[in-house]
Amino acid sequence: MSSGGLAGLVVLVAAVCLLLPTASLAQLKVGFYSTSCPKAEALVRQAVTAAFAKNSGVAPGLIRLHFHDCFVLGCDASVLLSVNPGGGRTERDAAPNNPSLRGFDVIDAAKAAVERSCPGTVSCADIVAFAARDSVNLTGNLFYQVPSGRRDGRVSTENDALNNLLGPNSTAQVLIDGFAKKNLTVEDMVVLSGSHTIGRSHCASFLFRNRQRLASGTISPAYQALLEALCPPNPGQFAPNTTEIDVSTPAVLDNNYYKLLPLDLGLHFSDDQLIRNATLAPFARAFAADEATWKDKFAAAMVKMGNIEVKTGAQGEIRLNCSVVNPGSSSSSAAGIEMLFPSGTSSSDVAAEEVATS
Ligand code: HEM
Ligand SMILES: *[C@@H]1O[C@H](CO)[C@@H](O)[C@H](O)[C@H]1NC(C)=O
Ligand SMILES: *[C@@H]1O[C@H](CO)[C@@H](O)[C@H](O)[C@H]1NC(C)=O
Ligand SMILES: *[C@@H]1O[C@H](CO)[C@@H](O)[C@H](O)[C@H]1NC(C)=O
Ligand SMILES: *[C@@H]1O[C@H](CO)[C@@H](O)[C@H](O)[C@H]1NC(C)=O
Ligand SMILES: *[C@@H]1O[C@H](CO)[C@@H](O)[C@H](O)[C@H]1NC(C)=O
Ligand SMILES: *[C@@H]1O[C@H](CO)[C@@H](O)[C@H](O)[C@H]1NC(C)=O
């Protein structure tokens with residue numbers, strides 16, 4: 001065979017190998033925007049880095065934002081919508097998100113930068129996934145590639161959030177089942193809970209349940225005394241008082257979270273379950289003993305979480321403003337817009353201009 005023929009064969013085999021996986025199912029891919037918006041990931045990283053310099057709390061906020069996005073209707077930026085076109089309360093209004101979820105302003109800043117560079121091209125869902133990765137990078141001395149190509153959803157309801165997000169009172173069984181519903185394993189659940197090595201929690205998420213843990217001897221009395229001192233005695237959902245989830249190294253994405261658990265220093269009942277339950281404890285012990293392994297698994301599990309029920313191709317839309325669906329994209333919200341802009345005008349062109357000029 002001539003060397004030209006051999007080269008041709010190699011190219012052909014390579015092309016078939018590249019095509020096979022994409023032909024079989026709609027998949028995300030690393031570098032999805034490399035030609036359509038080559039600066040997308042760098043612009044998101046710049047926005048996250050700038051916000052992080054002013055307030056390092058945006059990093060845990062953005063990691064949790066990605067989690068709460070992916071667990072409710074898939075990773076489709078539904079968590080960002082402040083209005084559901086169908087009416088009613090949104091994911092953002094649900095107690096597990098309100099008032100604790102944060103980082104929305106960082107996503108808006110990243111989106112504005114990306115829209116200036118390549119209008120109407122990069123989804124809000126991908127921006128959330130990139131921002132979570134950058135937050136891991138800034139706090140954890142860790143990097144992973146984020147497959148992209150997600151499309152944004154058009155629905156966000158409080159009930160979907162309440163039915164899919166796990167509360168801090170969850171038992172081992174509830175945690176395992178809640179992740180299994182998303183095709184995530186028991187190990188993925190324990191691995192990803194390690195996110196609680198950074199960030200803060202509101203008193204209503206732990207104080208009451210920890211009084212029961214104090215009585216049953218599953219929380220350090222000194223720790224609970226500290227928590228009682230920083231919280232009002234009867235904190236409601238909106239009590240502003242918070243504490244760091246990892247008392248030892250609250251700003252570093254390390255494995256100290258797992259080391260605190262056997263010392264009865266897990267903040268939430270759900271954290272404590274990781275060492276009380278015989279199915280979960282071996283994972284928690286392994287990650288306490290081996291940080292490098294946990295970090296590798298954490299990066300892989302973040303990618304896996306980022307794949308939950310993603311919309312690709314022609315599904316969904318590329319939202320122009322991450323807080324609202326595109327004008328005209330939903331029957332219930334479109335009527336008023338279509339009256340304002342006669343059918344000759346593409347409503348998405350109009351919206352692109354609005355975003356670009358504001
Ligand atoms: C396993 C089930 C989980 C439960 C029950 C849970 C519960 C919670 C709760 C109650 C808070 C505090 C909210 C507040 O009151 O301010 C919190 C914070 C946080 N969670 Fe989780 N979580 C879970 C899994 C995860 C996962 C999978 C991730 C990410 C991959 C994550 C990332 C975070 C982060 C980073 C914070 C701190 C947020 C901030 O500082 O703004 N959690 N979580
Ligand atoms: C953080 O991400 C950058 C790429 O944006 C990468 O070059 C760097 O190695 C990462 N840092 C660490 C410590 O992994
Ligand atoms: C741990 O959780 C598993 C799964 O929910 C359950 O089957 C098992 O009984 C629990 N074990 C203990 C000791 O609580
Ligand atoms: C889990 O996997 C099954 C089988 O592949 C699939 O039908 C289902 O949609 C997946 N669920 C989620 C939440 O990804
Ligand atoms: C958790 O359980 C405690 C004690 O049973 C209860 O008072 C509290 O409201 C529950 N918290 C949440 C967030 O469900
Ligand atoms: C909780 O937050 C409120 C409002 O910021 C503050 O007045 C109070 O001192 C804080 N601490 C306690 C123990 O209530
Ligand atoms: C996005 O929509 C929200 C809600 O309608 C609005 O407050 C905000 O100004 C819009 N942002 C941009 C950049 O147009």
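Source: prediction; values computed, not measured. All ligand and atom numbering here is 1-based and tracks the order in the structure.
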Margin query: Which of the numbered atoms in ligand 4 are under 4.0 angstrom from any heavy atom belonging to Lys181?
Written below: 13 (C)
Note to self: Check this for me - ligand 7, Asn321, N or O atoms closer than 3.5 angstrom, yes or no?
What the structure shows: yes
Next item on the list: Would you check if there is a donor-acceptor pair between the side chains of Tyr257 and Asp271 at a distance under 3.5 Å?
Entry: yes
Notebook entry, point to check: Going by atom types alone, do Asp296 and Thr293 pair a side-chain donor with an acceptor below 3.5 Å?
Noted result: no
Note to self: Less than 3.5 Å apart, any donor N or O on the side chain of Arg276 or Gln273 sitting next to an acceptor on the other?
What the structure shows: no
Check: Do any N/O atoms on Lys182 end up under 3.5 angstrom from N/O atoms on ligand 4?
Finding: no
Notebook entry, point to check: Taking only residues at least two apart or on different chains, which pairs with a member in residues 44-53 satisfy side chain to side chain donor-acceptor pair (under 3.5 Å)?
Noted result: Arg45-Asn137
When you pair each N or O of ligand 2 with protein N or O atoms, which pairs come out under 3.5 Å?
unit_1   : atom_1 : unit_2 : atom_2 : d
ligand 2 : 2 (O)  : Asn137 : OD1    : 3.2
ligand 2 : 2 (O)  : Asn137 : ND2    : 2.5
ligand 2 : 5 (O)  : Arg45  : NH1    : 3.4
ligand 2 : 11 (N) : Asn137 : ND2    : 3.0

Next item on the list: Kindly write out the residues that satisfy ring-ring contact (aromatic ring centres under 6.0 Å, His included) with His268, not counting sequence neighbours, or none if the list is empty.
Entry: His196
Next item on the list: Kindly indicate whether a cation-pi arrangement holds for Arg213 with Phe206, taking the cut-offs as under 6.0 Å to the six-membered ring centre and within 45° of the axis.
Entry: no
Check: Going by atom types only, do Asn84 and Thr157 share a side-chain donor-acceptor pair under 3.5 Å?
Finding: no
Next item on the list: List every atom of ligand 4 that sits less than 4.0 Å from any heavy atom of Glu309, numbering the atoms from 1 in the order shown and giving each element.
Entry: 12 (C), 13 (C), 14 (O)
Next item on the list: Applying side-chain hydrogen bond (donor to acceptor under 3.5 Å, both in side chains), name anything that partners Glu244, two or more places apart in sequence or on another chain.
Entry: none
